[in-house]
Every structure is written in structure tokens, then in C-alpha cells.
Amino acid sequence: MTQLCVELPGLNLKNPVMPASGCFGFGREYSEFYDLKKLGAVIMKAATGDARYGNKTPRVAETPSGMLNAIGLQNPGAEKIIANEVPFLAKYNVPVIANVAGSTADEYVKVALAFNNAEAVKALELNISCPNVTEGGIQFGTDPDMAADVTEKVKAVSHLPVYVKLSPNISDIVGMAKAVEAAGADGLSMINTITGMQINLTGREPLLANQTGGMSGRALKPIAIRMIYEARQYVSIPIIGMGGISTAEDVLEFLLAGANAVAVGTANFQNPNACPDIIENLPYVLQQYGFTSVTDAVGKGHRR
Amino acid sequence: MTQLCVELPGLNLKNPVMPASGCFGFGREYSEFYDLKKLGAVIMKAATGDARYGNKTPRVAETPSGMLNAIGLQNPGAEKIIANEVPFLAKYNVPVIANVAGSTADEYVKVALAFNNAEAVKALELNISCPNVTEGGIQFGTDPDMAADVTEKVKAVSHLPVYVKLSPNISDIVGMAKAVEAAGADGLSMINTITGMQINLTGREPLLANQTGGMSGRALKPIAIRMIYEARQYVSIPIIGMGGISTAEDVLEFLLAGANAVAVGTANFQNPNACPDIIENLPYVLQQYGFTSVTDAVGKGHRR
Amino acid sequence: MKKCTEMIVTSVREIALDIFEMSLANEYIATAAVPGQFLHLFVDGHTLRRPISIAEVARDKGTITILFKRIGDGTKRLASLEAGMSVSAIGPAGNGFTYKTSMSSALLVGGGIGIPPLYCLGKELRHSGIHVKAILGFQTENQVFYEEKFQELGKTYIVTDDGSYGYQGLVTDVLDQSGKFDHYFSCGPIPMLQSVINKLGDQSGTISLEERLGCGIGACFACVIPSDTEGGYRKICSDGPVFAANEVVL
Amino acid sequence: MKKCTEMIVTSVREIALDIFEMSLANEYIATAAVPGQFLHLFVDGHTLRRPISIAEVARDKGTITILFKRIGDGTKRLASLEAGMSVSAIGPAGNGFTYKTSMSSALLVGGGIGIPPLYCLGKELRHSGIHVKAILGFQTENQVFYEEKFQELGKTYIVTDDGSYGYQGLVTDVLDQSGKFDHYFSCGPIPMLQSVINKLGDQSGTISLEERLGCGIGACFACVIPSDTEGGYRKICSDGPVFAANEVVL
Ligand SMILES: Cc1cc2nc3c(=O)[nH]c(=O)nc-3n(C[C@H](O)[C@H](O)[C@H](O)COP(=O)(O)OP(=O)(O)OC[C@H]3O[C@@H](n4cnc5c(N)ncnc54)[C@H](O)[C@@H]3O)c2cc1C
Ligand SMILES: Cc1cc2nc3c(=O)[nH]c(=O)nc-3n(C[C@H](O)[C@H](O)[C@H](O)COP(=O)(O)OP(=O)(O)OC[C@H]3O[C@@H](n4cnc5c(N)ncnc54)[C@H](O)[C@@H]3O)c2cc1C
Ligand SMILES: Cc1cc2nc3c(=O)[nH]c(=O)nc-3n(C[C@H](O)[C@H](O)[C@H](O)COP(=O)(O)O)c2cc1C
Ligand SMILES: Cc1cc2nc3c(=O)[nH]c(=O)nc-3n(C[C@H](O)[C@H](O)[C@H](O)COP(=O)(O)O)c2cc1C
Ligand code: FES
Ligand code: FES
């Protein structure tokens with residue numbers, strides 16, 4: 001029997017596969033396609049201190065083997081998420097991870113505090129890497145000092161393990177990973193989208209109303225694998241890997257690179273059953289490549 | 001008649017399309033497919049001070065809508081290139097751009113000096129962005145001070161216009177672009193490859209012998225367009241745009257983003273006639289979208 | 001449970017310049033679909049699915065018909081499918097048209113590829129004994145489609161931008177001629193919808209909207225439109241694509 | 001001028017587990033191709049072309065045959081092509097086998113998908129009146145292909161890794177039994193080539209190599225292999241894939 005379960009700080013996962021933040025709303029829609037209790041965990045859409053409407057439309061565009069999005073952190077605010085959304089997910093008895101965003105360190109702290117009171121929420125994912133808002137987000141994600149600072153502040157107020165979500169829009173991913181580990185992060189989430197743009201030839205302007213958007217999907221995978229592989233050599237906290245995963249083979253590639261669990265984003269749009277399909281295939285793929293458990297494969301792609 | 005010609009420092013281009021460095025060798029192989037005089041210019045494979053053998057194989061891998069390469073700057077050295085390769089290209093009466101690489105600022109200077117004596121060479125492309133060598137290259141490309149320094153040193157010794165080739169492996173492309181402009185660069189070349197990795201599931205190690213490689217091809221285009229669009233707003237020197245171009249529509253997208261001319265890399269591998277095919281289609285595409293010349297379209301994708 | 005299911009292409013033909021009519025077989029979708037809903041179709045080689053409205057439902061045959069314009073890579077690929085091939089669809093997606101069966105006459109105002117869902121609706125209205133009139137706008141003559149089919153439902157006015165067929169101008173230019181009606185239904189480009197709504201003032205009406213979609217099921221917030229309702233927005237893919245004319249801010 | 005040209009699939013069939021035989025029509029390539037050369041094939045949806053050796057040339061019919069193993073996405077897609085479809089090929093690419101027509105006997109040593117170019121060569125050698133013997137290695141019984149075709153050329157030894165067919169072991173294990181020959185030609189995985197070269201010591205021989213290719217025509221330096229020749233390296237795609245056994249450092 002191939003063992004799929006994974007133990008991470010705060011997270012007791014029956015399998016390593018969870019939907020990525022922002023690509024799954026708060027689970028309601030996908031719950032019409034399959035039973036959410038099949039999932040290893042659920043990462044919710046970003047929560048900010050107050051409700052946000054986000055950017056103007058168009059908010060998405062297609063790119064070769066990927067897509068751009070500039071949703072702009074639209075969400076009803078942490079309080080409403082806790083009141084209206086978490087209870088729905090709690091029914092499925094699946095660990096919930098809250099994605100925490102903000103424009104200022106104070107806002108991150110405020111949101112983190114709010115989730116102290118949400119029982120089903122087992123961990124925070126600190127989104128310091130959203131490229132689609134004018135303030136906060138990405139700034140924290142490209143400056144190791146700011147990243148460390150917000151990590152420390154959130155750790156100080158939250159009783160939950162904190163996974164810091166890193167941005168690929170950076171030269172030195174290792175420096176960033178080390179900085180947030182030193183600041184007390186319990187884990188890393190890698191990677192968020194890389195900033196891109198598409199220009200509408202007819203309209204003669206950027207296709208997205210926000211001009212730039214975050215590129216996700218299969219095109220991103222080589223960048224994600226590289227960054228996880230590099231970070232894995234320098235930090236010892238667990239890594240939730242993501243970026244272009246659409247098959248169980250992709251999951252194994254992330255495990256070999258050093259991820260301890262994975263998240264699936266864009267693939268949900270292509271195939272609403274992407275997560276359960278991947279979970280179903282994973283044991284066979286692990287077996288095929290000679291592994292008896294998920295944990296067995298973690299980091300095994302590093303040259304000896 | 002749609003005007004394709006473009007005037008750039010040192011470069012009198014009959015059309016804006018040239019093969020990108022490293023994807024065209026020194027032209028001999030593609031000259032068996034078409035007459036190289038059709039090209040706007042030719043950018044040669046990187047030249048270093050002495051001959052280099054490059055990395056171990058495998059050196060390439062395929063990725064979704066792209067590829068990874070880790071050639072490692074294999075080349076016979078500047079002197080041999082000048083003696084054996086430039087004369088071949090000179091026959092085609094097409095401007096030649098020399099791609100200059102090195103491990104130290106001194107090596108860049110040495111190579112730049114060598115090209116002072118190669119008449120057919122009309123400009124230098126300063127490759128401060130090669131991700132596939134252990135020393136130099138990318139370090140210069142991620143540190144604006146080092147980039148400015150090597151630009152100044154090369155400008156000081158070369159009588160040729162210098163186009164600095166920027167790396168996308170960076171948080172602040174605008175800062176980098178401004179730094180090299182201030183250091184005297186005559187133009188920018190944007191962008192080089194972004195560092196990625198692929199892991200061989202069977203072998204349980206990175207597929208490329210060099211572990212990481214530079215990702216190129218269509219997957220890169222949204223990143224290239226974004227960076228050129230951003231840089232265009234802050235620098236006034238011309239930009240040679242590249243990254244995933246495979247059609248004349250792609251060329252127009254780069255022009256709208258702010259590129260003054262373009263280079264085609266990976267597409268040559270898919271279609272050896274990519275450059276002449278694009279050049280042939282370009283007038284129709286420009287016309288279709290309401291432009292009467294290439295220069296007319298430059299920067300027109302910026303929101304008014 | 002919502003479905004992501006395989007549909008089998010039973011026929012495909014070009015009925016006007018770059019306009020394709022395709023029939024797809026799937027028992028479940030043919031049974032569940034109502035006018036105004038759409039299919040979110042997977043197209044090989046593409047990250048995002050393509051939303052296409054349901055233009056006709058043949059419950060007895062277990063098929064539905066879609067009409068689409070070949071405008072980019074996705075619709076080009078779709079148009080290249082042949083009978084017997086299969087295509088993955090999420091659907092029926094979105095909410096269909098609702099209306100009072102008590103009304104006696106309806107006006108359909110469609111522009112270009114906004115026309116297909118109105119045909120599906122028109123057929124159903126006629127079936128319920130409601131009188132139907134239609135104003136259909138096209139760019140030019142060779143893009144006109146389904147004129148006769150609409151004529152069978154009721155008086156139909158064709159308008160082309162360049163006057164190459166029917167009336168010259170915009171759909172709003174013939175609104176006056178179309179007489180009285182209880183309720184209007186409109187689908188087409190946003191500027192068209194805006195002028196229809198402006199022109200028809202406080203006539204009760206229903207519109208169907210388009211936007212670039214991500215998930216197509218309400219999870220990604222790609223397709224929101226401002227509204228005065230709770231939350232301040234509506235999602236086109238799951239709250240719509242059909243809205244009351246005064247429900248959203250265009 | 002080198003050519004990048006369209007070839008028409010005339011037939012395709014699976015001749016052993018995951019091994020496909022495909023015939024492709026193109027006058028120019030069928031006329032120009034020699035044993036040892038390859039086609040650099042475009043596969044829809046893929047950035048890089050796939051190199052596949054020419055396994056047989058039918059000049060009269062204007063076709064060539066390739067044999068390939070379905071191992072990944074590219075060869076899977078290739079295997080799904082049907083007669084009548086077209087595929088873009090750069091070719092004939094690389095340099096073919098050269099040999100002294102004065103020799104009287106040759107040994108062919110092939111492993112797995114390294115076997116196809118040797119068949120092409122073997123036919124030509126027989127045609128020139130040179131005696132041919134062959135040792136062909138496969139993983140297991142159901143992957144064995146072209147045994148009879150090679151038998152027609154000369155004595156053929158089949159070896160399988162698991163002994164499920166023919167001799168058990170490696171191609172080198174039956175080298176002793178194969179008797180004398182003037183020159184050997186070998187193609188297969190690098191470890192096999194290494195042991196063949198080691199075992200045959202200073203017998204004169206020719207090998208054909210594989211490596212991941214970029215351009216396939218000598219421009220990108222993806223496929224170099226160390227050598228003692230000028231420059232210190234050779235390019236597999238354009239200087240090879242065929243080399244003298246002592247020309248390169250494996
Ligand atoms: C609810 C709904 C119903 C629709 N019904 C129909 C219909 O019945 N017939 C028809 O011809 N078209 C319809 N459309 C528009 C249709 O979805 C687009 O024309 C199609 O997606 C274009 O795909 P493409 O790959 O050819 O174009 P591309 O421009 O290459 O597509 C690129 C991306 O933009 C999106 N996109 C481009 N144009 C539109 C658009 N107008 N609306 C939404 N997304 C777009 C595509 O889905 C894709 O993600 C509908 C759209 C929506 C939202
Ligand atoms: C000169 C030459 C001749 C060849 N002749 C034959 C032949 O006659 N029959 C046959 O079955 N195979 C042959 N091969 C190997 C064949 O090219 C690969 O099996 C094929 O490219 C795999 O493609 P894929 O998409 O199925 O596999 P994937 O592993 O998905 O391919 C990924 C990438 O790796 C490359 N690749 C993977 N394996 C190899 C390999 N062994 N050699 C070179 N590139 C590889 C692919 O071209 C592609 O770029 C030859 C290779 C070379 C270099
Ligand atoms: C439409 C969309 C919305 C997203 N919203 C968020 C978000 O709210 N918070 C966040 O941390 N990441 C967000 N992401 C990033 C994803 O969680 C993920 O890191 C990224 O898309 C890479 O994974 P993928 O290639 O599997 O999609 C979003 C991505 C997409 C495509
Ligand atoms: C095989 C290969 C070799 C390359 N070698 C060089 C090089 O020597 N010098 C350089 O500046 N860029 C080099 N590049 C980068 C390209 O010039 C180009 O910037 C990049 O590939 C993006 O363009 P593309 O997507 O059109 O390939 C190389 C790229 C590839 C794929
Ligand atoms: S497209 Fe995802 S919410 Fe509408
Ligand atoms: S594959 Fe490009 S040089 Fe051989």
C-alpha cells in the first residue's frame with residue numbers, strides 16, 4: 001500500500017494534494033463536482049482586513065500553456081469569510097488553510113488575529129506575493145527584510161503555523177527563503193505567479209484592465225521546480241509546492257524537488273476534477289517510479 | 001507600402017527581425033535553408049575571451065510551450081570568431097551583432113576590444129544575463145551596480161554601440177534598465193532566459209547535466225512583454241525585444257510594448273525558416289492592425 | 001453534482017462567414033439545459049475553456065446545438081472538430097432566462113454572436129404561446145445567419161452595420177418600428193446593450209453578458225460585474241450570464 | 001539548400017509493444033536519404049522536434065520508413081498520426097554511415113530503438129555484396145521487432161535482458177559466438193556502445209549516437225560530445241550521428 005499521508009506543522013494531511021489559493025474560491029463550487037473530503041486540505045481565497053472588490057475586468061487572459069490573472073484580491077474580508085465560508089468547509093472535515101493578504105503589516109496582523117477564532121483553520125498561508133495589487137503584496141515578497149518583518153509580526157499574534165508564500169519575481173529566492181525561515185516561518189508555499197502582460201493588438205493596449213497579471217499554469221512549472229530545488233538546499237522547514245501542476249507525475253516532480261505537499265491552481269479551471277483525479281493517480285505513479293510513500297519521495301531528486 | 005526599415009544606433013536594419021544569440025550559431029547552418037540577406041541583422045552566438053567547451057550534456061529539455069537550455073557559452077573564443085565566422089556573415093551584407101560574454105569585467109573588455117577590429121560587426125550585445133555559467137553572466141545581470149560598471153568599462157574601450165542584454169531573473173527590471181542606460185548603454189536587449197529546472201522522474205535527478213537551464217520559447221512571452229512595457233516607460237534608449245516570438249503577430253505585440261526591433265530564438269528550432277517567414281508576413285500583419293510602418297507601431301500599446 | 005462530461009460532435013457546418021453551427025450529443029446536458037445557459041468547452045492545447053451559449057436543445061434526440069464565430073485559436077480549433085469526435089464540456093453552466101409565462105409578447109434584440117441564446121429562448125417562448133419579435137444586428141451581409149429560423153418565430157428585423165443587408169445602422173435604430181411588447185431580452189456587445197437599455201428606458205428587460213472567464217463556475221472571481229446587490233458585484237458565469245437589465249452596472 | 005518539408009504518412013502500424021513502423025512519402029527525402037541519417041520531425045504541440053532514424057528507403061516509391069518507440073508525449077502523438085496526414089520534417093539530417101565497399105563482412109550490433117538505422121544499413125551492405133551478421137538486443141520478448149527482416153540479410157542473434165526470447169543477457173554476451181568480420185556498426189544506448197567498444201578492442205568499428213537535440217542542424221550546440229579532433233568536440237546532429245568508434249569519448 002502506497003502511503004499518501006503527510007504530517008506538516010498544523011496539518012495532518014491524508015494526501016499531499018490541495019487546491020491552491022484563489023483557484024478554488026471557498027470550495028462551494030467544486031463541492032458540486034466531488035466530495036471535498038477527498039482533498040488533503042483546502043487553501044482558501046485570500047482574505048484581507050476589509051472586503052475588497054478587486055480590479056476591473058478583463059481579469060484573465062490566456063497565454064501559451066498558461067494564463068494571466070489580475071483578480072486583485074477580491075474577497076468579502078476575513079470576518080465574513082470566517083462567518084460564512086469556513087463553516088461550510090468545516091463540514092468536510094478537511095484541514096483549512098487561510099490565505100492572508102494585506103496592504104500593510106498591520107492588515108496582515110489583523111487578518112491573522114481574526115483567524116485565531118476559526119477552529120477549522122489549521123494554518124495560515126501568508127500571501128506576500130500577490131502581484132496584482134498596487135500596495136502591499138508583492139513589495140513584501142521582493143524585499144527579504146520586509147518579508148521577515150511581516151512574518152515575525154504575524155507569528156507573534158497567531159497561534160497557527162505560518163506558511164509564507166514566496167514570489168518568483170525575484171533574483172535570489174534562497175535569500176528570501178532563508179530570511180522568512182529565520183523570522184520564524186513554519187513552512188514555505190512556493191510559488192505564486194510571475195508577473196506578465198499580454199497586449200491586445202486590436203485595442204492597442206494591455207488586455208487586462210490591470211495591465212499586468214500573474215502568470216500561472218504549466219508554463220510556470222520549470223520555474224517553480226527550480227526555485228523549490230534551490231530553496232530546499234538551504235532551508236529545513238517544509239515546502240508546499242505549486243506552479244503548473246496538472247498530473248500526478250507533476251506532483252512527483254515537485255516532491256523530488258523537495259516539496260512536502262503540493263497545491264493545484266490553474267488546472268482546476270481546465271478540469272474541475274483535477275484534484276481528485278491527481279489524488280487517485282498518485283499511488284500508481286509513486287509505485288511506478290519505485291516509491292512506497294509520499295514522504296519517501298520528498299527531496300529525492302537532489303543529486304547525491 | 002508598409003515600411004519595415006528601422007534605424008538604431010549602429011544598425012541600419014531593412015527589417016526589424018534578427019535571429020537571437022545562441023539560437024543561430026554563426027549563421028552557416030541556416031544559410032542552407034535561406035538567403036541570410038533577408039534578415040534585418042544577425043546576432044552571433046556568445047563570444048568569450050578564450051574558447052569554452054560549455055556544460056556537459058544533456059543540455060536541452062522541453063517544457064510546456066518552451067524549452068530549457070544550458071549550453072554554457074560554448075564558443076571558439078572571440079579571436080577565432082572574428083577570423084572564421086564574421087567573414088562568412090559579412091558576405092551577406094547584413095549587420096552583425098556580436099554577443100559579448102565573460103566571467104569578469106576584464107574578460108568582457110577583452111572581448112569588446114577584439115570586436116573593434118571586425119568590420120562587419122556593427123554593434124555589441126553585452127550578455128550580462130547568461131544563467132548557465134557558474135561565474136559572471138547572471139551575477140552582472142542581477143546587480144545593477146555591477147551591470148553599470150561592466151557597461152561603462154565596455155563603452156570606454158569599444159567604438160561600437162552597446163546593447164545590454166537584461167535578465168528576467170530579477171525583481172526590479174526598471175531599476176536595472178535605468179542603471180545601464182545611465183552607464184552609457186546605447187540600447188537594451190530584452191530578455192534573456194529565465195532560470196528553470198526539470199527533474200527526470202526515472203533518473204531522480206535534474207534532467208540537464210547543469211541542473212538548471214534557461215527557459216525560452218512561447219511560455220516566456222508574457223514575461224518579456226511585461227518587462228519591455230515597464231522598461232519603455234522609464235528609459236529612452238532603443239530596445240531589441242525577444243522572448244517567445246514565433247509569428248509576425250508576436251512581433252507586433254513586442255513593438256506595441258515598446259521594442260524597436262526584435263530577435264527570434266527558440267522558434268528557429270521549430271521552424272528553420274521562422275525568421276524569413278515572419279519577415280514575409282510582417283507587412284500584412286502591420287497593415288491589418290492599421291500601421292503603415294514598423295516605427296509607427298513602436299510603443300503604441302501603451303495606454304494613453 | 002455538477003458535471004464535466006464528454007459530448008460527441010454529431011455535425012458541424014459553416015452557416016455564414018466564420019459562423020459555425022455544431023450539434024453535440026449528450027443525454028444529460030440535452031435534458032438539463034435551458035435557454036441562456038452555456039457550455040464551458042475544453043479545447044485541446046488551451047489552458048482556459050471556451051464559453052459558448054446553447055442555441056437549441058433537442059431533448060428527444062439528446063443533442064444540443066451551438067453557434068459560434070471563429071475569431072481566435074480556440075474557436076478555430078473547435079471549428080476543426082469533425083462528427084464523431086468528442087469534446088469535454090462543463091455544463092449546462094450559468095443561469096438561464098426566466099420570465100413570466102403570463103406575458104403575451106417579447107422582443108429579442110441580439111448582436112452578432114449574442115444572437116444564439118436568443119434563438120433558444122425564442123423557440124421556448126413561442127412554445128409557451130408568447131409572441132416573439134426579433135431585431136438582429138450583424139456587421140455585414142455574409143455574416144448574417146438564422147434569419148429564416150427567427151422569421152419562423154415571429155417578425156424579424158435584420159440590421160447590418162454597413163447596410164449590405166436589411167436595415168443599415170444599429171439595432172437601436174429599428175427599435176421604434178418594432179411596436180409594443182411586454183418584456184425584452186437582449187444579448188450582444190456591451191455598447192449595444194447599453195444603448196438598448198438607454199433607449200428602452202424603464203421597459204422591463206433581461207440581458208445576457210459576456211466576459212473573459214476563468215473557471216466558468218463561480219470560483220475564481222474573473223468575471224465579476226458591479227451591481228447594487230449585496231456584495232456589490234455579481235459573477236457573470238454563475239450568477240448570470242442572464243441578469244435583469246437594471247441589476248448590473250454596465 | 002537544406003530542406004524543411006512536408007511528408008505524407010502512407011501507413012502506420014504497431015509492430016511490437018509500443019514500437020511503431022511508419023511510412024512517409026516525400027520524393028526529395030526518399031531520393032537523398034542514406035542509411036544512418038535521420039528526420040527531425042515536428043510534432044504538434046511541442047517546442048522541440050523529435051529525431052528519428054531512417055530505417056528503410058524505397059526510392060522507387062518515393063517513401064521512407066521509420067521505426068520508433070512510444071516513450072513520451074512526442075512519440076505518442078507521432079504514433080497517433082494516420083495515413084494521409086502530413087508531418088513536417090527537416091531532413092535527411094546528419095551524416096550517414098560510410099564504409100569501404102572492399103570489405104567482405106560486417107557485424108551489426110543494435111540495442112532497442114538503436115536497431116532501425118542498422119536495418120537500413122544492412123540492406124545497403126547486402127546490396128553491395130557484403131556479408132552481414134546481426135546481434136539485436138531487446139528488453140523483453142514482446143518488444144522484439146524486425147527479426148525476420150534481419151534474418152533475410154544474414155545470421156541474426158536475438159538477445160533479451162530477461163531471457164524471455166533468444167539469448168538471455170546483453171548483446172556483448174554473444175559477441176564471441178558471432179565469428180569474424182571486417183568492421184562492426186553499432187547503435188544503441190551509450191552503456192551498450194561502451195561495452196561493445198571495450199569488448200571489440202581495436203576492431204575497426206562505427207557507432208551511431210543519440211542525444212537530446214535542439215536545432216538538429218548544428219546551430220545550437222545542444223548535442224556536443226567530447227572528441228580528440230580539432231575544437232575538442234563534435235556535434236551529434238551535424239557531425240554525426242555516425243562516428244568512427246574511436247573518434248569520440250563516450
Ligand atoms: C456566457 C458566454 C456565452 C458565449 N456564447 C457564445 C456563443 O454562443 N457563440 C460565440 O461565438 N461566442 C460566444 N461567446 C464568446 C466566446 O466565448 C469567445 O468568442 C471565445 O471564447 C473566443 O475564443 P477564441 O479562442 O477563438 O479567441 P481568443 O481571443 O484567442 O481567446 C482568448 C481568450 O479570451 C477569451 N475570450 C475571447 N473573446 C471572448 C468573449 N467575447 N467572451 C468571453 N471570452 C472571450 C477566450 O475564452 C480565451 O480565454 C460567449 C461568451 C460567454 C462569456
Ligand atoms: C539521431 C537520433 C536518431 C534517433 N532514432 C530513433 C529511432 O529511429 N527510433 C526511435 O524510437 N527513437 C530514435 N531516437 C530517439 C528519439 O528521438 C526519442 O525517443 C524521442 O525524441 C522521444 O520523444 P518523446 O516526446 O516521446 O519523449 P520525451 O521524453 O517526452 O521527450 C522529451 C524531449 O527529450 C528528447 N528525447 C527523449 N529521449 C531521447 C533520446 N533517446 N534521444 C534524443 N532525444 C530524446 C525529445 O526529443 C524531446 O525533446 C533517435 C534519437 C536521435 C538523436
Ligand atoms: C485566478 C487566480 C487567483 C489567484 N488568487 C490567489 C490568492 O488569492 N492568493 C494567493 O496566494 N495566490 C493566488 N493565486 C496563485 C495560486 O495560488 C498559485 O500560487 C499559482 O497560480 C501557481 O499555481 P498554478 O500554476 O497551479 O495555478 C491565484 C492564481 C490564479 C490563477
Ligand atoms: C539554445 C540557446 C542558446 C542561447 N545562447 C545564448 C547566448 O549565447 N547568448 C545570449 O545572450 N543569449 C542566448 N540565448 C538566449 C536567446 O538569445 C534569447 O534571449 C532567449 O532564448 C529568448 O528568446 P526566445 O524565446 O525567442 O528563444 C540562448 C537561447 C537558447 C534557447
Ligand atoms: S469565471 Fe471564475 S468566477 Fe466566473
Ligand atoms: S542539436 Fe543543435 S547543434 Fe546539434
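Lettering of chains follows the sequences in order, A, B, ..., and the numbering in each one begins at 1.
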Option that, when pairs with chain B are counted at under 4.5 Å, heavy atom only, ranks first among A/Ile223, A/Thr202, A/Leu201: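 Answer, by heavy-atom pair count under 4.5 Å with chain B: A/Leu201.
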Top of A/Ala219, A/Pro168, A/Ala61 for chain B proximity - count of heavy-atom pairs under 4.5 angstrom: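 Greatest number of close heavy-atom pairs with chain B: A/Ala219.
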Begin from the C-alpha positions of A/Thr63 and B/Lys221 and carry the test side chain to side chain contact (heavy atoms under 4.5 Å, CB included) through to its verdict. CA-CA 8 Å; A/Thr63 63; B/Lys221 199 182 71 172; over 6 Å; no
Need one label for B/Leu208: side chain, backbone, both or neither, based on atoms under 4.5 Å from any heavy atom in chain A.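 B/Leu208 touches chain A through backbone heavy atoms alone.
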In residues 285-292 of chain A, which residues are in contact with chain B at a heavy-atom separation under 4.5 Å?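 Listed by number, the contacting residues are A/Tyr289, A/Gly290, A/Phe291.
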Is there any side-chain hydrogen bond (donor to acceptor under 3.5 Å, both in side chains) pair reaching into residues 171-182 of chain A, and which pairs are they, with sequence neighbours excluded?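 Residue pairs passing side-chain hydrogen bond (donor to acceptor under 3.5 Å, both in side chains), neighbours aside: A/Glu181-A/Ser236.
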Go through the structure and list residues passing ring-ring contact (aromatic ring centres under 6.0 Å, His included) with A/Phe269, not counting sequence neighbours.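 If we apply the ring-ring contact (aromatic ring centres under 6.0 Å, His included) test to A/Phe269, skipping adjacent residues, there are no hits.
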A/Ile173 side, atom CD1; B/Thr195 side, atom OG1 - distance, nearest 0.5 Å: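 Reported to 0.5 Å precision, the distance equals 11.5 Å.
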Spatial distance of atom CD1 (A/Ile228) from atom CD1 (B/Ile199) [nearest 0.5 Å]: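 It is 9.0 Å, given to the nearest 0.5 Å.
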Would you sort out whether A/Arg226 and B/Asn169 count as a side chain to side chain contact (heavy atoms under 4.5 Å, CB included), showing the intermediate values? CA-CA 12 Å; A/Arg226 185 260 295 182; B/Asn169 297 290; 3.5 Å; yes
Which residues in residues 247-262 of chain B have any heavy atom lying under 4.5 Å from a heavy atom of chain A?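 Counting heavy atoms that sit under 4.5 Å from chain A, the residues of residues 247-262 of chain B involved are B/Glu249, B/Leu252, B/Glu253, B/Leu256, B/Ala257.
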Is it true that atom CZ of B/Arg218 has more than 12 heavy atoms of other residues, nucleotides or ligands lying nearer than 6.0 Å?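 At most 12 heavy atoms, drawn from other residues, nucleotides or ligands, come within 6.0 Å of this atom.
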If you count the non-hydrogen atoms of other residues, nucleotides and ligands that lie under 6.0 Å from CD in A/Glu280, is the total more than 12?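 For A/Glu280, atom CD is not crowded (no more than 12 foreign heavy atoms under 6.0 Å).
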Please name the pair of heavy atoms, one in B/Ser65 and one in A/Ser65, separated by the smallest distance, quoted to 0.1 Å.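 Smallest interatomic distance, heavy atoms only, reads OG-OG, 2.5 Å.
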